[in-house]
Amino acid sequence: MQWTLVIPLKPLARAKSRLSDTAADGVRPGLALAFAQDTVAAALACEAVASVAVVTDDERAGRELAALGARIVPDTPADGLNAALAHGAAVVRAYRPCAPVAALNADLPALRPLELARVLAAAAEFPRAFLADAAEIGTTLLAAGPEQELHPAFGPDSRNRHRTSGAMELTLAGVDSVRQDVDTGNDLRAALALGVGPYTTAAAAGLLSAP
């Protein structure tokens, strides 16, 4: 099964505010872009992924991620994360009507293509499925099979919200790179310990070290 991934990315100037204790205001936009670049590059290298659509209105991010091979979808609703994801899924389905679609966080800089393929293979067994983040509170991936609606419910406590919505929680071992999103300095240290991609390696150089 070949998936289309929808990755939302807010304007870089407003991204990753919770990293303020680790990265200065002038550094965070570059880090957010680097996270997205490593995420998109790894996703496109996954054999289970047919294409990646990034929903963003940030011109710099759109330019850099398009250069990697992502399709850029303007955030027309401009009404938050879930509206952006629903819009992205609708755009994707307009040109691949029966495609399985998965929403993926843009801040997975340690993402491994083989681990992502394992998660998507598991998700294919259910109409809708999701993967909790490393903190076991949020969600890093929400999948909807062919002809199924995505129904994103990201935000605070999204793990419980997606479970309540009827999506199956995937409980796979050995897919840490798909679960390790980066919101805080400790998250970044955890991602560095897993091994991040080249864009984050360069952007985080000298910022902090893995434990």
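Contact between Pro152 and Leu142 at its shortest, heavy atoms only, is CA-CD2, 3.5 Å. In this structure, Ala70 and Leu44 approach most closely via the heavy-atom pair N-CD1, 4.1 Å. Of all heavy-atom pairs spanning Leu19 and Gly185, the tightest one is CD2-N, 3.5 Å. Taking all atoms of both residues into account, the shortest heavy-atom contact from Ala132 to Thr140 is O-OG1, 4.1 Å. In terms of heavy atoms, Pro146 sits closest to Cys98 at CB-O, 3.2 Å. Nearest heavy-atom pair across Pro100 and Met1 is CG-CG, 3.4 Å.
Looking at Glu125 and Met168, their side chains never come closer than 4.5 Å, going by heavy atoms from C-beta outward. Counting heavy atoms from C-beta outward, Asp38 and Leu111 have side chains that stay 4.5 Å or more apart. No side-chain heavy atom of Lys10 sits under 4.5 Å from any side-chain heavy atom of Thr56. At a threshold of 4.5 Å between non-hydrogen side-chain atoms, the residues Leu65 and Val52 do not count as touching. Using a 4.5 Å cut-off on side-chain heavy atoms (C-beta onward), Leu141 and Leu116 make contact. Looking at heavy atoms from C-beta onward, Leu104 lies out of side-chain contact with Val6 at the 4.5 angstrom threshold. Proximity of Leu9 to Asp58: side-chain heavy atoms (C-beta onward) are nowhere separated by under 4.5 Å. Counting heavy atoms from C-beta on, the side chains of Gln2 and Arg96 come closer than 4.5 Å.
Here Asp133 contributes atom CG and Asp181 contributes atom CG; the two are 5.0 Å apart, rounded to the nearest 0.5 Å. Note that CZ of Arg71 and OG of Ser51 are 8.5 Å apart. Values are rounded to the nearest 0.5 Å.
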In sequence, state the C-alpha distance, the side-chain angles, and the governing distance for Tyr199 and Leu68, and then conclude on side chain to side chain contact (heavy atoms under 4.5 Å, CB included). CA-CA 12 Å; Tyr199 295 99; Leu68 293 177; 3.4 Å; yes
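Taking a 6.0 Å sphere around CD of Glu149, one finds it holds 12 or fewer heavy atoms contributed by other residues, nucleotides or ligands.
When atom types are taken as modelled, the side chain of Arg112 and the backbone of Ser177 share no donor-acceptor pair closer than 3.5 angstrom.
Sequence neighbours left out, the pairs with a member in residues 152-172 that pass side chain to side chain donor-acceptor pair (under 3.5 Å) are Arg128-Ser165, Thr139-Ser158, Thr139-His162, Asp157-Asn160, Arg159-Glu169, Asn160-Arg163, Arg163-Glu169.
For Glu64, the side chain to side chain donor-acceptor pair (under 3.5 Å) test picks out no residue, with sequence neighbours left out.
For the side chain to side chain contact (heavy atoms under 4.5 Å, CB included) with Asp107, the qualifying choice from Thr39, Asp187, Asp183, Leu188 is Asp183, the only one to do so.
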